[in-house]
Amino acid sequence: MSKYTVNNSTIESILGWIHAGEIAIPEIQRPFVWNASKVRDLMDSLYQGFPVGYIITWRNPDTKLKDGTQAIGKKILIDGQQRITALTAALLGQEVVRADYKKKRIRIAFNPIEERFEVANPAIEKDSAWISDIASFFQPQFNLFEFVNNYCQQNGGVDSNQIGKVVNHLVNIRFSSLGMIELSHELDIETVTEIFIRINSQGVVLSQADFVMSKIAVNESYNGINIRKMIDYFCHLAKNPADYEAIRANDTAFSSTDYFQKIKWIKNHTESLYVPDYSDLLRVAFTFKVLRGKLANLVSLLSGRDFETREYKEEIAEDSFKILEEGVLAFVNETNFKRFLMIVKSTGIIHSSLIRSQHVLNFGYILYLLLRDKGIEQAKINKVVRKWVVLSILTARYSSSPESTFEFDVRRFNQAKDIEDYLHHTEEGELSDAFWSNILVSRLNTSVTSSPFFHLFLMAQIRSNDKAFLSKATEIKHLIEERGDLHHIFPKKYLQSNGFNNRNQYNQIANYVYTQQEINIVIKHKSPDIYMKEVEEQCNKKTVKYGEIQNIDDLLENLEVNCIPSGIFSMNASNYELFLEERRRLMAKKIRDFYLNL
């Protein structure tokens, strides 16, 4: 079976098919990212008769209708959106929607004397030799004879016959050939998805999520356009709330719907802890509702595929769009979103810098929505989701094959008679005594401050409201919220002067603490056995040099919550390796206690 056919069509024909709905360009499939100079270059290439590449389309697979007949869907534009959009903008004068969702006209100017294209600007608009917008040549009422007369009157000494030939040549670019590759409608979804992902259009690598968004957007029967806009606008406003007015003004039809009312709250949501993109939203909504992890399966379902018979049935497509809409609405629901974030924050993840894995947050939200949909009591949901989020970080659960692991976990939770049973079963298998006493300790042996295990230690301190190193009132969570700096317990320059010149040695995370900058300044390059004795003396004499601690019991408590070994008072460079070993074990114990008490 041939996987595709190759044909040549005129630009006028292709634009006509688009207007007629034969080829579907998903509205805002991707914002128009070309700059105006690229549009100018495209026009020049067409004028010169140069090839401008192919567009790639795929016709939806044949779907079986309820009456047993076959329905052939419209063609989806797989690749070439930017070129087609550029053509409609330059030749037809249509506005384009930029990445900020503001509409803009791109005017390409043309000089018939020099046969040169340029992006329109104020100087060109004042120059009679230039036509500031070539779209005027492609209007139905354009009269070549009248234009040539007027142009020659305004530009004396030009050859009217030559101007006529040049403009006629420009107008005839509508009959220029554009290659069209049409993927066979008999290709299976997986193959088309793979083709789609492999295409690199203008440097933007496409993804499964892009393909899903295209599938959703071109559907006119089952509310696909509104579903896509909900997803797209919600995610965009989560990152760029300032674009709310532009979206509302430029898409009045959607902004008057209930869907827009359900998502507009996000423009006032300032929390940056979980900022999903459309891939995250699709994955959460789909996995929560369908209990499948692969977005390629969503493409199949939206196309109407029966996984058992491998046929395409319209009723499956209809049900799939309905289920997806329910999942999207659950995701964007203000109450759901904010309650989930409160659970995440209750683990100690109070800032986006403390969580590297979007997969952890995505599955956490999947689990929250699933348990809420099953009617589980809120207190139990809070506990299970909180522990599962931390367990996922501890075990790097979604660091490889996340889609398969998502599907495995969501199905087990869905099947569990008691949701805590699956949690306990996983804990017993993955969080053994050996994990806490050996594996976790070894994972704390790193100089990477973005390590999830160091973040877990900080989360444990945040949840316990621990004070910063040698601080009486300042809590660690306040320093993290204010983007405070980490400091060395054994100062870097002190270690370097004693032979620890490798950054992997002096920048060990077990040598880091959050402390106030003024305390770190006083410590400077001193050895711990020197500055800690001064702190001890401060407590005895009730003087203030390092922070505000003036009581020995408060000092010992501060060292304990920061997992500082009690022998710190007499430690110098010769004890540094021993210090690191002891502190890693104390940090691991604190993380374990933190997890068990979630």
Side-chain angles (χ1 to χ4, degrees), residues 351 353-354 356 393 396 437-462 466-471 474 476-480 482-536 538 545-547 549 555-556 558-591:
H351 192 275
S353 63
L354 294 172
R356 291 196 307 176
I393 300 172
S437 60
N438 295 312
I439 296 174
L440 180 57
V441 173
S442 66
R443 289 177 178 172
L444 288 166
N445 185 357
T446 177
S447 61
V448 180
T449 55
S450 60
S451 162
F453 307 104
F454 184 51
H455 291 163
L456 284 163
F457 172 67
L458 296 178
M459 289 159 55
Q461 290 200 289
I462 291 166
D466 290 344
K467 303 297 189 296
F469 180 54
L470 300 183
S471 295
T474 302
I476 288 170
K477 65 181 178 182
H478 298 147
L479 293 178
I480 292 175
E482 297 301 322
R483 307 295 293 274
D485 295 327
L486 286 167
H487 297 290
H488 296 78
I489 300 169
F490 279 69
K492 181 174 72 173
K493 289 190 176 180
Y494 167 73
L495 288 174
Q496 289 174 327
S497 66
N498 283 272
F500 295 93
N501 295 309
N502 190 316
R503 67 182 308 276
N504 290 329
Q505 293 177 306
Y506 57 74
N507 280 344
Q508 280 286 312
I509 60 175
N511 190 34
Y512 277 127
V513 284
Y514 269 99
T515 191
Q516 294 167 259
Q517 187 177 32
E518 56 268 29
I519 294 175
N520 185 62
I521 291 173
V522 177
I523 291 175
K524 205 171 182 181
H525 312 317
K526 298 175 185 174
S527 169
D529 62 351
I530 294 177
Y531 74 76
M532 286 305 302
K533 285 180 181 177
E534 292 178 346
V535 175
E536 186 178 23
Q538 170 178 304
K545 183 177 182 182
Y546 298 87
I549 294 179
L555 174 60
L556 294 176
N558 182 268
L559 296 179
E560 181 181 353
V561 300
N562 283 283
C563 296
I564 309 295
S566 57
I568 190 70
F569 292 95
S570 59
M571 285 185 171
N572 53 37
S574 65
N575 311 114
Y576 180 58
E577 296 290 354
L578 174 63
F579 164 80
L580 293 177
E581 290 180 14
E582 290 186 10
R583 188 162 190 244
R584 288 184 196 118
R585 294 195 177 279
L586 291 173
M587 292 168 74
K589 182 180 183 302
K590 190 177 185 77
I591 294 171

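These numbers come from the heavy atoms of this one structure, side chains and all, not from hydrogens, waters or symmetry mates. Just so we're clear, the structure is a prediction, and the values are computed from it rather than from any experiment.
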- Inspect the surroundings of CD in Gln517 and state if more than 12 heavy atoms from other residues, nucleotides or ligands are less than 6.0 Å away. no
- Message: Within the supplied structure, the quantity of interest is the number of heavy atoms (other residues, nucleotides, ligands) at a distance under 6.0 Å from Arg443 CZ; does it exceed 12?
- Response: yes
Mind listing the closest non-hydrogen atom pair of [X] and [Y] along with its distance?
X: Phe454; Y: Ile509; result: CB-CD1, 3.6 Å
X: His488; Y: Tyr506; result: CD2-O, 3.1 Å
X: Lys545; Y: Gln538; result: N-OE1, 2.7 Å
X: Tyr494; Y: Ala573; result: OH-N, 2.8 Å
X: Tyr576; Y: Phe500; result: CD2-CE2, 3.8 Å
X: Ile519; Y: Tyr546; result: CG1-C, 4.3 Å

- Message: Working note: Lys590 + Met587, criterion side chain to side chain contact (heavy atoms under 4.5 Å, CB included); need CA distance, chi angles, decisive distance, verdict.
- Response: CA-CA 5 Å; Lys590 190 177 185 77; Met587 292 168 74; 5.7 Å; no
- Message: Could you tell me if Gln505 and Asn511 have a donor-acceptor pair between their side chains, going purely by distance under 3.5 Å?
- Response: no
Between [X] (side chain only) and [Y] (backbone N and O only), is there a donor and an acceptor less than 3.5 Å apart?
X: Arg583; Y: Pro565; answer: no
X: Asn558; Y: Leu470; answer: yes
X: Gln461; Y: Asp466; answer: no

- Starting from the C-alpha separation in whole Å, work towards a yes-or-no answer on side chain to side chain contact (heavy atoms under 4.5 Å, CB included) for Phe453 and Ile439. CA-CA 11 Å; Phe453 307 104; Ile439 296 174; over 6 Å; no
Measure the spacing between [atom1] of [X] and [atom2] of [Y] and express it to the nearest 0.5 Å.
X: Leu486; Y: Leu479; atom1: CG; atom2: CG; result: 9.5 Å
X: Ile591; Y: Leu586; atom1: CD1; atom2: CG; result: 11.0 Å
X: Leu495; Y: Asn572; atom1: CG; atom2: CG; result: 10.5 Å
X: His478; Y: Lys467; atom1: NE2; atom2: NZ; result: 9.0 Å
X: Ile568; Y: Ser570; atom1: CD1; atom2: OG; result: 8.5 Å
X: Ser353; Y: Ile480; atom1: OG; atom2: CD1; result: 6.5 Å

- Message: Pair Arg356, Ser450 - check side chain to side chain contact (heavy atoms under 4.5 Å, CB included), show working.
- Response: CA-CA 8 Å; Arg356 291 196 307 176; Ser450 60; 3.4 Å; yes
Taking the side chain as every heavy atom from C-beta outward, state whether [X] and [Y] have any pair of such atoms under 4.5 Å apart.
X: Leu559; Y: Met532; value: yes
X: Gln508; Y: Arg584; value: yes
X: Glu560; Y: Leu556; value: no
X: Thr515; Y: Ile523; value: no
X: Ile564; Y: Val513; value: yes

- Note on the structure: side-chain contact (heavy atoms from CB on, under 4.5 Å) with Tyr512: of Leu458, Asp485, Asn507, only one passes, and it is Asn507
- Item | With sequence neighbours excluded, residues passing side chain to side chain donor-acceptor pair (under 3.5 Å) with Glu518 | Gln516
- For Asn502, which residues count as a side chain to side chain donor-acceptor pair (under 3.5 Å) partner, sequence neighbours excluded? none
- What orientation do Phe490 and Phe579 show, parallel under 30°, tilted 30 to 60°, or perpendicular over 60°? tilted
- Item | Pairs satisfying salt bridge (charged side-chain N to carboxylate O under 4.0 Å, His left out), at least one member in residues 523-533, at least two apart | Lys526-Glu534
